[in-house]
Structure formats: C-alpha cells, structure tokens
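All remarks here apply to the structure that follows.
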Amino acid sequence: MWLLVPFVAVPILEIALFIQIGSLAGLWPTLAIVVLTAVVGTFLVRMQGVSEINRLRRSLAGHGNPAESIAHGAFILAAGLLLLTPGFFTDGVGFLLLMPPVRIAVLNWLSNRFADSVIIEKEVAEPTGGMSRRSDTIDGEYDEVRDPADR
C-alpha cells in the first residue's frame, strides 16, 4: 500500500509543476529545460559513474570496503534514471542523488533505519588458528528419530 502513494503522487506533482512552469516560461523554454536537464544529468552520471567504478576497483584490490562503492553506484544509477525521466521533481531528486554528501546522508539514514533487521555474521579467528562464524544464529545438525511403533 505504501508503494502506491509515490506512484500516484509523483505523476500528479510532475503534471502540476509542468503546468506552473509552462505557464510562467512558455512551452518551448519548458521543453528546453527538460531536455537540458537530461543532457547535463547524463553527463554528470557518466562522470560520477566512472569515478565510482574506479573507486570500486581500488576497494576490490584490497584498499577499502566495496559495499560503500556499490551503494554509491546504485544511487548514481537511480539518479540517472530519475534524470532521464521527464519532469522537474524527478530531476531535482536525481541531481540531489548526484551530490556525495546527500548520498552519504541517505546511506546513513538507511543503515540506521534497517540496522536492527539485518543479521551480520562475522568470521572471528579462533585461538586454535581456525575461523568460526559468530552471530545470533546457532547452526546445528539433527537426526529425525522415529518411534518404532510407527513402522
């Protein structure tokens, strides 16, 4: 149900913004703004995407956490989709997602919001030299024992 709200509200907001901006600027300037934001957005997404891919390569080579680069890449991809969608609201959100401080703030909010619902398993070095997994989940094996009377 909560997903239905943006799918209804965003197009209504976009139509209202097109009407308002179109009545102030006129048809052709409004369309030029939409095309210009798509072109500029595509250029910025490409630049930041290449930068984030290079950062991901460095982190995969052992110089950092690749999860952060993957998350930033996902936000850049979402920004590109929003910027290619005609509309002023989606362009505004897309340009916001291209700003690294905004992406970091959204990532922090999401990680705080969903931190309790994610189980993180860590491999911990045992004193014997082996590795073990520690989490709230206990792994175990079992054998089903049947009652001899059921045979």
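Start at 1 with the first residue, then count along the sequence.
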Show the atom names and distances, to 0.1 Å, of all donor-acceptor pairs under 3.5 Å that link a side chain in residues 8-15 to residues at least two apart or in another chain.
residue, atom, partner, partner atom, Å
Glu14, OE1, Phe88, N, 2.8
Glu14, OE1, Phe89, N, 3.1
Glu14, OE2, Phe89, N, 3.3
Glu14, OE2, Thr90, N, 2.7
Glu14, OE2, Thr90, OG1, 3.1

Inset, instruction - For Ser59 and Ser69, work out which heavy atoms get closest and say how close. - result: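 In terms of heavy atoms, the two residues are closest at OG-OG, 4.1 Å.
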
Legend entry - Closest non-hydrogen atom pair between Thr30 and Ala25, with its separation: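 Distance-wise, the nearest heavy atoms are OG1-CB, 4.1 Å.
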
Inset, instruction - Working to the nearest 0.5 Å, report the span between CG of Leu97 and CG of Leu82. - result: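 Output value for this atom pair is 6.5 Å.
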
Legend entry - Val93 reachable from Trp109 in the ILVMFWY side-chain graph, under 4.5 Å edges: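 Yes, Trp109 and Val93 fall within the same hydrophobic cluster.
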
Does [X] sit in a hydrophobic cluster with other residues, and if so which ones, taking ILVMFWY side chains as linked at heavy-atom separations under 4.5 Å, directly or through other members?
| X | answer |
| --- | --- |
| Leu77 | none |
| Leu3 | Trp2, Phe7 |
| Leu56 | Leu60, Ile70 |

Inset, instruction - Report yes if the side chains of Leu98 and Leu83 come closer than 4.5 Å at any heavy-atom pair, otherwise no. - result: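 Yes, their side chains come closer than 4.5 Å.
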
Inset, instruction - Ignoring hydrogens and angles, tell me if any N or O in the side chain of Ser111 forms a donor-acceptor pair with the backbone of Leu107 under 3.5 Å. - result: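 Yes: the side chain of Ser111 pairs with the backbone of Leu107.
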
Inset, instruction - Give every residue pair that meets the ring pair (Phe, Tyr, Trp, His ring centres under 6.0 Å) criterion with at least one member in residues 23-47, sequence neighbours excluded. - result: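 Counting only pairs at least two positions apart or across chains, no ring pair (Phe, Tyr, Trp, His ring centres under 6.0 Å) contact touches residues 23-47.
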
For [X], give me all partners under side chain to side chain contact (heavy atoms under 4.5 Å, CB included), at least two apart in sequence or on another chain.
| X | value |
| --- | --- |
| Val102 | Leu96, Met99, Val106 |
| Ala32 | none |
| Ile53 | Arg57 |

Legend entry - Where at least one partner belongs to residues 32-50, residue pairs that pass side chain to side chain donor-acceptor pair (under 3.5 Å), sequence neighbours excluded: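 For residues 32-50: Thr37-Asp91, Gln48-Arg103.
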
Inset, instruction - Sequence neighbours left out, what pairs pass side chain to side chain donor-acceptor pair (under 3.5 Å) with at least one residue falling in residues 15-24? - result: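 Found none.
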
Inset, instruction - Please name all residues satisfying salt bridge (Lys or Arg N to Asp or Glu O under 4.0 Å) with Arg55, sequence neighbours left out, ordered by chain then number. - result: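 With neighbours one apart ignored, the set is Glu52, Glu68.
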
